[in-house]
Engineer: 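There's a structure below that I have some questions on.
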There are 2 protein chains.
Amino acid sequence: MATMHDVARLAQVSVSTVSYVLTGTRPISQATRNKVLAAMAQLEYQPNAMARGLASRRSRILGLLMPMDERGLGATETAFVTGAAAAASVAGYHLVLSPVGGGDLDDLRRLASQRMLDGVVLMEVQLADERVTVLQEAGVPLVLIGRTGDTSTLSYVDIDFDQTVREAVAHLVGLGHRRIVYVNHSAATLASGYGPALRTRDAFTAAMTGHGLEPVMIAAEDSAAGGRAALAAAFAQAPELTAVLAMNETAIFGILGELTGRGLSVPDDVSVVSMVTSPQVAELATPALTAMTSPGSALGRIAIEALTRHLDGPADLRHQQLLPCTLEIRGSTAQPRSRHPLGADQ
Amino acid sequence: MATMHDVARLAQVSVSTVSYVLTGTRPISQATRNKVLAAMAQLEYQPNAMARGLASRRSRILGLLMPMDERGLGATETAFVTGAAAAASVAGYHLVLSPVGGGDLDDLRRLASQRMLDGVVLMEVQLADERVTVLQEAGVPLVLIGRTGDTSTLSYVDIDFDQTVREAVAHLVGLGHRRIVYVNHSAATLASGYGPALRTRDAFTAAMTGHGLEPVMIAAEDSAAGGRAALAAAFAQAPELTAVLAMNETAIFGILGELTGRGLSVPDDVSVVSMVTSPQVAELATPALTAMTSPGSALGRIAIEALTRHLDGPADLRHQQLLPCTLEIRGSTAQPRSRHPLGADQ
DNA sequence: CCGCTTCGTCGAAACGCTTCGACGAAGTTC
DNA sequence: GAACTTCGTCGAAGCGTTTCGACGAAGCGG
């Protein structure tokens with residue numbers, strides 16, 4: 001492994017000159033630069049990241065902290081990661097993903113305090129999230145995906161749930177649906193303060209009320225069985241429902257199965273819209289699901305851009321931004337059966 | 001940020017003594033140790049990872065290189081990652097995931113040569129994989145998930161496809177099925193030298209021939225539409241088929257949809273077995289899929305253990321191991337319709 | 001009680017880089 | 001052409017650890 005010393009000796013310049021060629025922090029004549037570059041090439045020189053990091057006090061590594069639960073990463077999260085990695089690369093940083101589990105706050109504290117990471121993007125933020133506190137105390141620059149309850153002091157990027165729900169509801173209402181049930185995450189998830197679940201709940205209530213309709217929400221476990229149970233509950237609460245809006249990517253397969261099981265057809269008897277869903281998952285279902293597609297890759301890019309601006313720029317500016325999901329109409333929504341063809345009230 | 005110097009001063013010992021307390025490389029008296037530990041606690045000392053890495057020439061960071069395609073990470077891969085992370089933590093290493101894209105071999109070379117990673121686990125290895133060459137040339141300790149064509153010189157952990165296919169076929173044959181179609185990945189994937197696709201193809205041929213049956217394989221695109229097309233092709237080639245064995249987690253939903261579309265019931269008319277599938281995905285389908293569950297978490301653990309042994313132990317031993325998937329019977333397999341109730345040949 | 005290990009600790013030299021101050025040489029300003 | 005800048009380069013001092021050699025102080029066999 002060649003070091004800077006070797007390069008300097010071969011190019012007959014001082015070590016610092018080699019460093020300046022590499023970092024561009026001071027002007028270097030073209031002739032010298034060429035000599036140094038040639039020496040580097042000849043020796044296949046690669047700078048040692050540790051030494052660089054120690055001397056400059058920055059690693060040029062960004063961390064993406066993602067809780068890995070057993071559900072896995074959907075296409076949405078993957079798009080997010082690739083978008084983030086690309087943006088980091090453009091800014092001259094490496095991105096590493098760290099699968100931090102839920103419990104190990106100490107582990108997180110260690111990771112953050114060891115100065116290995118110049119900055120961090122934190123995914124799946126809860127309304128009250130201890131991890132944010134730990135990271136802030138450790139003084140690590142931070143961008144959130146999602147929002148804590150108190151959004152005032154931090155940078156974040158998040159989905160505009162309000163807008164997303166409003167658009168989904170508008171699509172269904174526009175088709176003529178009046179009885180729309182919202183299938184959310186589980187009651188436990190709601191109670192734990194999971195932002196997306198709470199925000200969509202409120203947005204749904206607001207959107208339906210805005211249309212003069214009654215909001216009905218069902219909490220469903222994150223499983224196919226949970227979806228089946230939720231649909232049963234939905235029919236119990238609103239027997240005349242004609243549309244289901246679902247936030248729960250796992251439960252939705254149970255909902256579809258149960259619908260078919262009851263001899264109801266999608267979309268002729270019941271329309272289904274899936275929220276915050278990737279095209280890949282939407283296409284798995286038969287019929288393919290009309291869905292609100294999440295802006296995964298843009299979300300990742302924006303988060304990293306905000307973080308690097310935070311690091312390279314001098315200011316401690318905040319970046320707070322919401323991105324809506326976009327409606328993609330596929331085969332699972334249609335006008336309700338002819339009873340209300342033009343959206344007349346029942 | 002307190003440094004070792006601060007700790008040493010407060011504890012009234014030398015810097016090296018503090019280091020020995022931390023690393024345990026030399027004996028330290030109980031009294032001194034306590035003084036040092038107290039000082040550390042008081043100052044909330046956290047060792048600087050860069051300095052440590054520079055001086056010791058090891059970062060205690062392991063990399064998991066995973067190509068991130070748009071499909072996302074299934075529950076299988078997730079289990080793999082969490083298994084690996086847990087094992088790394090036990091061995092005193094951090095695990096970071098690096099989403100290396102397909103094209104950027106230079107990026108990989110840089111990452112590998114900068115000595116930031118003590119060792120690397122490489123996922124989704126192709127039969128002929130340039131990444132392996134790059135990593136080997138950079139001198140990075142390496143464990144593969146999957147195998148290259150020439151397995152002689154490297155450490156790897158992989159699924160025992162032979163055994164897995166044999167067990168799946170045995171299950172179906174045991175139920176009385178004689179006409180079994182294997183739905184593999186796409187022709188393009190096969191042509192690209194994707195090991196699992198090729199190995200299962202050969203294993204399927206061997207297993208069927210071993211039972212005196214004719215092997216029929218269909219290549220399917222990785223999409224629901226691909227699955228539907230594959231099923232049509234299967235019926236064209238083997239009209240009397242009673243069972244489908246599928247390797248393709250995405251296509252299988254199309255297969256199920258098409259089966260239902262043709263008015264055929266699962267499992268009464270056609271049995272379906274999904275290969276290398278996680279329970280979570282298997283449960284999404286209606287009926288839940290009988291599947292060969294991959295040993296994800298064990299695979300990750302074993303890979304990391306092999307790698308750390310490679311690093312800490314002196315020997316340059318190879319670790320080569322195959323793990324079979326386990327059969328989990330759910331609702332998608334049954335005896336074929338009464339025509340052949342006891343497995344009589346047609 | 002004398003020479004020998006073993007124990008516990010220290011000081012100093014790396015590790016490979018960045019960055020600061022200095023300093024000739026050359027260019028600019030009046 | 002004297003007094004300043006700016007340019008291009010160098011040497012040296014860190015950055016915060018680990019690790020090596022050294023060295024008193026005990027402990028021990030004879």
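Naming: A, B, ... by sequence-line order, numbering from 1 per chain.
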Engineer: Output the single nucleotide from D/dC15, D/dG11, C/dG11 whose closest atom is nearest the side chain of B/Y20.
Structural biologist: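 It is C/dG11.
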Engineer: With the side chain of A/S14 defined as its heavy atoms from C-beta on, choose the nearest nucleotide among C/dC17, D/dT19, D/dC10.
Structural biologist: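 Nearest to the side-chain atoms of A/S14, counting from C-beta on, is D/dC10.
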Engineer: Expressed as a whole number of angstroms, how long is the span from A/M4:CE to C/dC15:C1'?
Structural biologist: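 Going from CE in A/M4 over to C1' in C/dC15 covers 14 Å.
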Engineer: Any base atoms under 4.0 Å from B/V13, or only sugar-phosphate, or nothing? Heavy atoms, all strands.
Structural biologist: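 Sugar-phosphate only.
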Engineer: Under 4.0 Å, heavy atoms only, any strand: does A/S56 hit a base, just the sugar-phosphate, or nothing?
Structural biologist: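 Here A/S56 touches the backbone only, sparing every base.
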Engineer: Applying a 4.0 Å non-hydrogen cut-off, can you work out what A/T3 is touching in the nucleic acid: base, sugar-phosphate, or nothing?
Structural biologist: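 Answer is sugar-phosphate: A/T3 comes under 4.0 Å of backbone atoms only.
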Engineer: Say whether A/S16 and A/S19, considering side chains only, have a donor N or O and an acceptor N or O under 3.5 Å apart.
Structural biologist: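 No donor-acceptor contact under 3.5 Å links the two side chains.
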Engineer: Counting side-chain heavy atoms from C-beta on, which of C/dT19, C/dC17, C/dC10 comes nearest to A/N48?
Structural biologist: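 Selected nucleotide (nearest to the side chain): C/dC17.
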Engineer: Counting heavy atoms from C-beta on, name the nucleotide in C/dC17, C/dC10, D/dT17 closest to the side chain of B/S16.
Structural biologist: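 Side chain of B/S16 sits closest to C/dC10.
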Engineer: Below 4.0 angstrom, N of the basic side chain to O of the carboxylate: do A/R147 and A/D129 qualify?
Structural biologist: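 Salt bridge absent between A/R147 and A/D129.
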Engineer: Which residue is it: A/V90, A/L299, A/L62? I am looking for the one with a side-chain contact (heavy atoms from CB on, under 4.5 Å) to A/I304.
Structural biologist: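 With A/I304 as partner, side-chain contact (heavy atoms from CB on, under 4.5 Å) holds for just one option, A/L62.
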Engineer: Donor-acceptor pair, A/R58 side chain versus A/G53 backbone, under 3.5 Å?
Structural biologist: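 The answer is no, because no donor-acceptor pair under 3.5 Å joins these two groups.
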Engineer: Which of the following nucleotides, D/dT17, C/dG8, C/dG11, is nearest to the side chain of B/P27?
Structural biologist: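 Between D/dT17, C/dG8, C/dG11, the one nearest the side chain of B/P27 would be C/dG8.
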Engineer: Mind checking if A/R26 touches a base, just sugar-phosphate, or nothing, with heavy atoms under 4.0 Å?
Structural biologist: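 The answer is base, as A/R26 lies within the cut-off (heavy atoms under 4.0 Å) of a base atom.
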Engineer: Which part of the nucleic acid, if any, lies within contact of B/I28, taking any heavy atom under 4.0 Å across all strands shown: a base, the sugar-phosphate backbone alone, or nothing?
Structural biologist: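 Sugar-phosphate, no base atom in range.
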Engineer: Ignoring hydrogens and angles, answer whether the base of C/dG8 and the side-chain atoms of B/S29 contain a donor-acceptor pair closer than 3.5 Å.
Structural biologist: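 Side chain to base: no pair below 3.5 Å.
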